[in-house]
Amino acid sequence: MLATFEKAALEAGKAIIAVLREGFPIAMKADASPVTVADEEAERIILAHLSRDYPDIPIVAEESVAAGNVPDISGRSFFLVDPLDGTREFVDGRQEFTVNIAYIENGAPVAGIVYAPALGLAFSGERSRAERLEVTENFTIGARTAIAVREQLDDRLALASLRHNSPETGTFLADHAISRCTNIGSSLKFCLLAEGKADVYPRFTRTMEWDTAAGDAVLRAAGGSTVTLDGALLTYGKTGTAADFDFANPNFISWGGRKRVLEPA
């Protein structure tokens, strides 16, 4: 499955870079978030790969859901796709935007890829193996390196959203005696945890499942975890709840190391 993910992500990334170089118009979706032809073309490419290789597995993809195309995933494994996470970074000329593909089984992200085409980097994970992939200028894999989370240190580094920070984040950092915090956009935050370059990513503002699933899959494969505020593992495929929109995440904490609960320093 990861071979399919890699092919789809690399092809989608190549299309995104082509749009970036040529210039593009920007539209606004109903939720006031931006969308470009790069989002749409990348999603078309990814859906074509997944539908061809796994025709019986439903696909929940961000732009398709925005258009009202939502498959029935009741009791089924499924794919989650965010063709361009960090569209605002993309529009602003930053390099942190990513392509995200994940496979969800029994509510857990068991395989995923995060590809940052402008950085020439990708991260993949399946079950208990995670890798950092160097991507060449020709959009091929140049090198693979196994990665794993680092042990929790006394001097822990937190990651926070570049655009969606909150007062709760500051409270969390103080409560857990975390003095260092770096802001970064997109799903790359999960990947920095997975390769042992940071320790915790608290998120107290809205995310959707397609925003987090691929990065979470990489993180879990590298030995980390993502938990809700009550300490339970974050699950996927959340639909039909009166309290929130379908596929919306609650607040969560992603940990390097092997923490599964909120433990004070």
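Computed from heavy atoms alone, side chains included, the values below leave out hydrogens, waters and symmetry copies.
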Can you see which heavy atom on [X] is nearest to which on [Y], and at what distance?
X	Y	result
G224	V149	N-CG1, 3.7 Å
L188	E96	CD1-O, 3.7 Å
G237	I73	CA-CD1, 3.8 Å
A111	F5	O-CE2, 3.8 Å
A221	E126	CB-N, 3.7 Å
S225	L233	CB-CD2, 4.1 Å

ask   = Should R206 and D244 count as an ion pair when the cut-off is N to O under 4.0 Å?
value =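 The answer is yes: the pair qualifies as a salt bridge.
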ask   = Thinking salt bridges, do D155 and R180 make one under a 4.0 Å N-O criterion?
value =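 Yes, charged N to carboxylate O under 4.0 Å.
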Between [X] and [Y], is any pair of side-chain heavy atoms under 4.5 Å apart?
X	Y	result
L157	T182	yes
V60	F79	no
L50	V81	yes
R44	P83	no
F172	P202	yes
F247	E62	no
I59	S51	yes
E11	H49	yes

If I take atom [atom1] from residue [X] and atom [atom2] from residue [Y], how far apart are they, to the nearest 0.5 angstrom?
X	Y	atom1	atom2	result
R144	L133	CZ	CG	5.5 Å
K7	I113	NZ	CD1	12.5 Å
M1	S124	CE	OG	13.5 Å
L159	K197	CG	NZ	11.5 Å
D72	T239	CG	OG1	8.0 Å

key: Trace of the side-chain contact (heavy atoms from CB on, under 4.5 Å) decision for I253 with V200   = CA-CA 7 Å; I253 313 294; V200 62; 3.5 Å; yes
Is [X] reaching over with its side chain to a backbone N or O of [Y], donor-acceptor style, under 3.5 angstrom?
X	Y	value
K189	I184	yes
D199	A158	no
E134	A143	no
T136	T140	yes
E195	R132	no
T207	D211	no

request  = Determine, stepwise, if the pair V227 / F252 fulfils side-chain contact (heavy atoms from CB on, under 4.5 Å).
outcome  = CA-CA 6 Å; V227 297; F252 63 82; over 6 Å; no
ask   = Should we say atom CZ of R52 is surrounded by more than 12 heavy atoms from elsewhere, each under 6.0 Å from it?
value =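 Yes - once you tally the heavy atoms of other residues, nucleotides and ligands closer than 6.0 Å, there are more than 12.
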message = If you count every heavy atom of other residues, nucleotides or ligands that lies below 6.0 Å from K14 atom NZ, does the total exceed 12?
response =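 Check fails, neighbour count at 12 or below.
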task = Quick one: list whatever passes side-chain hydrogen bond (donor to acceptor under 3.5 Å, both in side chains) with T235, sequence neighbours left out.
result =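 Checked T235 against side-chain hydrogen bond (donor to acceptor under 3.5 Å, both in side chains); zero matches.
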Between [Y] and [X], do the side chains contain a donor N or O and an acceptor N or O under 3.5 Å apart?
X	Y	value
T212	N249	yes
S74	R76	no
T145	E131	no

Verify same cluster id: [X], [Y] (apolar side-chain graph, 4.5 Å):
X	Y	answer
L47	V99	yes
V19	Y115	yes
L121	L193	yes
I45	L20	no
L173	F204	yes

message = Under the ring pair (Phe, Tyr, Trp, His ring centres under 6.0 Å) definition, can you give me all pairs with a residue in residues 209-231, not counting sequence neighbours?
response =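 Output for this query is empty, none listed.
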Identified side-chain contact (heavy atoms from CB on, under 4.5 Å) counterpart of D39 within the set D82, D85, I16, L84 =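 Between D39 and the candidates, side-chain contact (heavy atoms from CB on, under 4.5 Å) is satisfied uniquely by L84.
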With a cut-off of 3.5 Å and sequence neighbours excluded, list every side-chain donor-acceptor pair involving residues 213-220.
from	atom 1	to	atom 2	distance (Å)
D216	OD1	R220	NE	3.0
D216	OD1	T226	OG1	2.8
D216	OD2	R220	NE	3.3
D216	OD2	R220	NH2	2.8
D216	OD2	Y236	OH	2.8
R220	NH2	L234	O	2.7

task = Please identify each residue that fulfils ring pair (Phe, Tyr, Trp, His ring centres under 6.0 Å) with F190, with sequence neighbours left out.
result =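 If we apply the ring pair (Phe, Tyr, Trp, His ring centres under 6.0 Å) test to F190, skipping adjacent residues, the hits are Y201.
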Sequence-distant partners of F78, ring pair (Phe, Tyr, Trp, His ring centres under 6.0 Å), two or more places apart =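 Result, ring pair (Phe, Tyr, Trp, His ring centres under 6.0 Å) vs F78: none returned.
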request  = Please assess E6 against I141 for the test side-chain contact (heavy atoms from CB on, under 4.5 Å), listing each intermediate value before the final yes or no.
outcome  = CA-CA 9 Å; E6 287 180 14; I141 304 300; 4.0 Å; yes
task = Under the side-chain contact (heavy atoms from CB on, under 4.5 Å) rule, what do S64 and E43 come out as? Steps first, then yes or no, please.
result = CA-CA 8 Å; S64 295; E43 183 162 301; 2.7 Å; yes
For residues 100-110, which side-chain donor-acceptor pairs fall under 3.5 Å, sequence neighbours excluded?
from	atom 1	to	atom 2	distance (Å)
N100	OD1	S187	OG	2.7
N100	ND2	T98	O	3.3
N100	ND2	T98	OG1	2.9
Y103	OH	S77	OG	3.4
E105	OE1	R127	NH1	3.3
E105	OE1	R127	NH2	3.4

